[in-house]
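Heads up: the structure comes next, in structure tokens.
Counting starts at 1 for both ligands and their atoms, following the listed order. Bear in mind that the values here come from a model prediction, so they are computed numbers and not experimental data.
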Amino acid sequence: SNGESVDASDLREITGIDGGAGIMAATETAIDTYGLDLGLQVSSGAAMTEALGNAIANEEAIVVTGWTPHWKFGAYDLKYLDDPEGVYGGEESIHTFTREGLAEDAPEANAVLDNFYWTEDDMNAVMVDIQEGMDPEEAAANWVDENADLVSEWTDGVDQVNGESVSLAYVSWDSEIASTNVVKTVLESVGYDVELSSMESAFMWTAIAEGEQDAMVAGWLPATHEAYYEDYKDQIVDLGVNFEGAKIGLVVPTYMEDVNSIEDLK
Ligand SMILES: C[SH](C)CC(=O)O
């Protein structure tokens, strides 16, 4: 750019992710609530981060559906837009959910899933390795090796099993690619064969509710996945929070100096 601050005047759309993500429904609400003359591009987490990187490389205007925890905040100078109407809610927690009956069918897996809890530093370490090109399974295994003390808190008292299988569903968001591969590695360390299945958000929730998948560590509450939770809460088991201090919202590069609120996108 010619050094002038980059504003939102030439933006035509918000760069989104997969259509079933809660942040996408929230963004449709934001477009309506704030009266934005912007489209919402439906794509994927990976496509969103590629578009973000390209825009930043060219110091162009961009606004993305963003969330914390995510490696993008370590890689780029970004900011959340103020949300005076509170469309995106406040602090979110990520929950672990299982199908009904898992505690009876696979008590050792259920115990590990129930114990799973980690922080933004933990998740960022895995996400950054993956972002820098490491295979998710390798990044997860490295993190588990380097954090044996924390991992032992999840597995202490859990008996070894002999090749029983467990299925984990997730959506290909960088945060959940990291968490699901770490849980896979730890379940394998107590003897399970673990099958990962990535799918759209709606299918993930349905698969747990219908018992097709054993568990997922990708339940964003209270706001982001509220609609899914309301649909399925009586058919699934909430093992509680595995990550605290999460957040969703609209995110822009800091070089968009005059764009600090969703109101500034009008
Ligand atoms: C994209 S966030 C990880 C979750 C969501 O918006 O559904």
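Of all atoms in ligand 1, numbered sequentially from 1 with element shown, those under 4.0 Å from a heavy atom of His225 are 4 (C), 5 (C), 7 (O). In summary, the atoms of ligand 1 found under 4.0 Å from a heavy atom of Ala21, numbered by their order in the structure, are 5 (C), 6 (O), 7 (O).
When the shell of 6.0 Å around CD of Gln235 is examined, it contains more than 12 heavy atoms from other residues, nucleotides or ligands. The 12-atom threshold is exceeded at CG of Asp156, counting heavy atoms of other residues, nucleotides or ligands nearer than 6.0 Å. Enclosure of atom CZ in Phe203 is not indicated, since only 12 or fewer non-hydrogen atoms of other residues, nucleotides or ligands lie within 6.0 angstrom.
Only the side chain of Ile17 comes within contact range of ligand 1, with a heavy atom under 4.0 Å; no backbone atom does. Looking at Thr224 against ligand 1, only its side chain comes within 4.0 Å, counting heavy atoms.
Considering both main-chain and side-chain atoms, Ile248 never comes within under 3.5 Å of ligand 1 through any nitrogen or oxygen pair. For the pair Met24 and ligand 1, the shortest N or O to N or O distance does not fall below 3.5 Å. Residue contacts with ligand 1: Trp67 is placed with no nitrogen or oxygen under 3.5 Å of a nitrogen or oxygen of the ligand (distance criterion only).
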Stepwise, does the side chain to side chain contact (heavy atoms under 4.5 Å, CB included) test hold for Phe243 with Glu120?
CA-CA 8 Å; Phe243 184 98; Glu120 186 168 5; 3.8 Å; yes
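Using a 3.5 Å distance cut-off with no hydrogens or angles, the side chains of Trp205 and Asp231 do not pair a donor with an acceptor.
In this structure, Phe116 and Trp118 have tilted ring planes: the angle between them lies in the 30° to 60° band.
Looking only at protein heavy atoms, the nearest one to atom 6 (O) of ligand 1 is Ile23 N, 2.8 Å.
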